[in-house]
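See structure below.
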Amino acid sequence: IDKRNETIKQQPFQLVKEITITVYFPGDSLKVSSVNFTVDNDVPISNHIDQFKTMFAEINPYEVFFSAEFKFYENGDNIDIYSEIEKGVGKMKSFIDEMLNRIEDDCPLCDEIEKKINRFKVNLFPRDMFLVTDYLYYPDREIFHRAERLAGVVGMTSKTGRNLLSVFQSGPLSKIGGSIFTKFILMHVMIGTTDLMPTFMIIYDDNTFELDTFHSSIKTTMYRKINEVSIKVIKGGVRQVLLMAPYIVIESSQNNIPLTSKGRSELAKNEVLAFMSVDCNSIEEEVYFEDDKIKCESYIFDKMKSVKNSKLELGKTNMAPIIGAFKVKNA
């Protein structure tokens with residue numbers, strides 16, 4: 001009661017909002033700003049972004065990919081409030097579950113509390129859907145585009161908040177021989193189309209994994225995701241990173257250089273479904289399937305034979321931050 005009175009009545013919570021602007025390139029990123037705001041000196045995000053127009057034009061006169069990430073803290077503390085909310089909701093659920101197991105009886109009040117806790121859907125949505133906004137800016141026209149995004153959510157089965165690798169290898173995939181990468185490829189190729197949402201699979205040393213499936217109307221999201229995965233690698237515990245993503249194929253030409261990514265996509269001759277893998281031993285693997293052949297079993301069989309010990313080609317530039325992160329970790 002004393003703590004509640006202190007928090008609510010005597011010392012109101014002082015919220016600090018931090019906004020970080022990061023510019024992304026095909027194989028790199030650059031943090032250009034990190035500013036804190038309080039309730040008293042808050043500004044609209046549009047005002048904060050507008051001040052970078054001149055700098056964006058110097059970075060690339062045709063298009064600039066950047067994101068705005070939000071973090072929330074208590075004034076004078078560096079604890080991320082969103083992370084604490086996630087932990088708090090988890091602890092509340094665990095407490096109610098344990099209490100129901102111990103009393104072994106119907107408890108209408110507990111059921112009501114459980115319903116209220118379940119309304120906090122913080123664990124059901126990827127964190128970046130709440131706290132990161134991706135943008136594309138055309139300097140020559142001074143036009144901003146905000147990404148429209150989708151995300152796939154997979155249930156978690158381990159205490160770490162990740163999925164057990166043994167679960168991935170069981171079920172229908174248990175009948176497929178070969179490596180995890182082989183299973184990852186076939187689970188997507190068997191759908192028979194290149195029109196799929198990009199997916200990262202991050203495998204950890206403790207035999208758990210994460211799947212991050214997403215879609216965005218602009219390329220900024222893909223660049224950001226790659227850089228976020230590289231940060232996880234540097235923090236440690238990551239054994240292997242796999243990526244599935246559609247790629248368009250166009251002719252390399254000097255005339256394509258001043259075009260925007262949207263303009264280049266309109267020149268696409270073909271689309272492929274690309275798979276790539278990089279691990280902690282710097283072993284690279286890559287294979288891709290053309291959209292007009294992906295339903296042909298003999299074609300798939302032949303392509304699968306070329307997977308082992310292949311080097312990254314299509315993904316060499318995009319996967320550079322992850323490759324670099326493994327090298328830094330192993331240095």
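The first residue in the sequence is number 1, and the count goes up from there.
Ile143 and Ile21 sit in two unconnected hydrophobic clusters of ILVMFWY residues. Membership requires side-chain heavy atoms under 4.5 Å apart, directly or through other members. Hydrophobic clustering of Ile, Leu, Val, Met, Phe, Trp and Tyr side chains at less than 4.5 Å, counting indirect connections, keeps Tyr138 apart from Val64. Tracing side-chain contacts under 4.5 Å through hydrophobic residues (I, L, V, M, F, W, Y), one never reaches Phe301 starting from Val287; they form parts of separate clusters. Neither Ile19 nor Val132 shares a network with the other; the hydrophobic side chains, linked directly or stepwise wherever heavy atoms of I, L, V, M, F, W or Y lie under 4.5 Å apart, form separate groups for each.
Atom CD1 of residue Ile180 and atom CD of residue Gln240 lie 7.5 Å apart, to the nearest 0.5 angstrom. Note that the NZ atom of Lys116 and the CD atom of Glu112 stand 5.5 Å from one another [nearest 0.5 Å]. Taken to the nearest 0.5 Å, the NE2 atom of His215 stands 12.0 Å off from the CZ atom of Arg149. From Ser34, atom OG reaches atom NZ of Lys71 across 8.0 Å, with rounding to the nearest 0.5 Å. Met99 contributes atom CE, which lies 5.5 Å from atom SG of Cys107 (distance to the nearest 0.5 angstrom). To the nearest 0.5 Å, atom CD1 of residue Ile191 and atom CG of residue Leu273 are 8.5 Å apart.
For the residue pair Glu271 and Ile248, the shortest heavy atom distance occurs at OE2-CG2, 4.1 Å. Between Phe289 and Val189, the shortest heavy-atom distance links the atoms CE1-CG2, 3.6 Å. Taking every heavy atom of both residues into account, Ala325 and Ser230 meet most closely at CB-O, 3.4 Å. Between Glu284 and Lys311, the shortest heavy-atom contact is OE1-CD, 3.6 Å. Of all non-hydrogen atoms in Glu286 and Phe181, the two that sit nearest each other are N-CE2, 4.4 Å.
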task: Go through Leu242 and Glu285 one step at a time and tell me if the side-chain contact (heavy atoms from CB on, under 4.5 Å) criterion holds.
output: CA-CA 9 Å; Leu242 288 62; Glu285 295 178 296; over 6 Å; no
task: Let me see the working for Lys219 and Leu136 under side-chain contact (heavy atoms from CB on, under 4.5 Å), right down to the final yes or no.
output: CA-CA 8 Å; Lys219 292 170 65 174; Leu136 174 59; over 6 Å; no
message: Walk me through whether Ile218 and Phe65 qualify under side-chain contact (heavy atoms from CB on, under 4.5 Å).
response: CA-CA 8 Å; Ile218 59 178; Phe65 306 95; 5.5 Å; no
query: Hey, mind stepping through Asp212 and Glu228 against side-chain contact (heavy atoms from CB on, under 4.5 Å) and telling me if it holds?
result: CA-CA 11 Å; Asp212 186 0; Glu228 288 174 352; 5.5 Å; no
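For the side chain to side chain contact (heavy atoms under 4.5 Å, CB included) test, residues two or more places apart in sequence or in another chain that qualify with Lys293 are Glu290, Tyr299. The side chain to side chain donor-acceptor pair (under 3.5 Å) check on Arg141 picks up nothing, with sequence neighbours excluded. Considering only residues two or more places apart in sequence or on other chains, Pro61 meets the side chain to side chain contact (heavy atoms under 4.5 Å, CB included) condition with none of them. In this structure, Glu69 has no side chain to side chain donor-acceptor pair (under 3.5 Å) partners at least two apart in sequence or on a different chain. When the side chain to side chain donor-acceptor pair (under 3.5 Å) test is applied to Asp140, no partner is found at least two apart in sequence or on another chain. Residues satisfying the side chain to side chain contact (heavy atoms under 4.5 Å, CB included) test with Asn36, not counting sequence neighbours, are Val16, Glu18. By the ring-ring contact (aromatic ring centres under 6.0 Å, His included) test, Tyr135 pairs with Phe66, sequence neighbours left out. In this structure, the side chain to side chain donor-acceptor pair (under 3.5 Å) partners of Thr221, at least two apart in sequence or on a different chain, are Asp134, Ser216.
Looking only at atom types and distance, the side chain of Asp206 has a donor-acceptor partner in the side chain of Thr208 under 3.5 Å away.
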List the atom pairs, donor and acceptor, that lie under 3.5 Å between side-chain atoms in residues 22-32 and the rest of the protein, sequence neighbours left out.
unit_1 : atom_1 : unit_2 : atom_2 : d
Tyr24  : OH     : Ser67  : OG     : 3.2
Ser29  : OG     : Asn227 : OD1    : 3.0

Which donor-acceptor pairs under 3.5 Å do side chains of residues 47-60 form with protein atoms, sequence neighbours excluded?
unit_1 : atom_1 : unit_2 : atom_2 : d
His48  : ND1    : Gln51  : NE2    : 3.0
Gln51  : NE2    : His48  : O      : 3.1
Asn60  : OD1    : Tyr62  : N      : 2.7
Asn60  : OD1    : Glu63  : N      : 3.2
Asn60  : ND2    : Glu63  : O      : 3.2

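Looking at Phe184 and His188, their side chains come closer than 4.5 Å, going by heavy atoms from C-beta outward. Counting heavy atoms from C-beta on, the side chains of Met190 and Ile300 never come closer than 4.5 Å. With contacts defined as side-chain heavy-atom distances shorter than 4.5 Å, the pair Cys110/Ile113 does not qualify. Contact of the Asn163 side chain with the Leu211 side chain is not registered, since no non-hydrogen atoms from C-beta on lie closer than 4.5 Å. A heavy-atom distance below 4.5 Å is not found between the side chains of Cys280 and Lys329. Here the side chains of Phe95 and Lys91 are not in contact, with every heavy-atom distance at 4.5 Å or above.
The other members of the hydrophobic cluster of Leu243, by chain and number, are Phe200, Ile202, Tyr204, Phe214, Met222, Ile226, Val229, Val233, Val238, Val241, Tyr247, Val249, Val272, Met276, Val278, Tyr288, Leu312, Leu314, Met319, Ile322, Ile323, Phe326 (side-chain heavy atoms under 4.5 Å, ILVMFWY only). Cluster note: Leu150 groups with Met197 through ILVMFWY side-chain heavy atoms spaced under 4.5 Å, whether in direct contact or through intervening members.
By the 6.0 Å contact criterion, CD on Glu98 is enclosed, its count of non-hydrogen atoms from other residues, nucleotides or ligands being greater than 12. Enclosure of atom CG in Asn101 by more than 12 non-hydrogen atoms of other residues, nucleotides or ligands within 6.0 angstrom is indicated. At most 12 heavy atoms of other shown residues, nucleotides or ligands fall within 6.0 angstrom of atom CD in Glu313.
Note: Phe72 and Phe70 have parallel aromatic rings, judged against thresholds of 30 and 60 degrees for the angle between ring planes.
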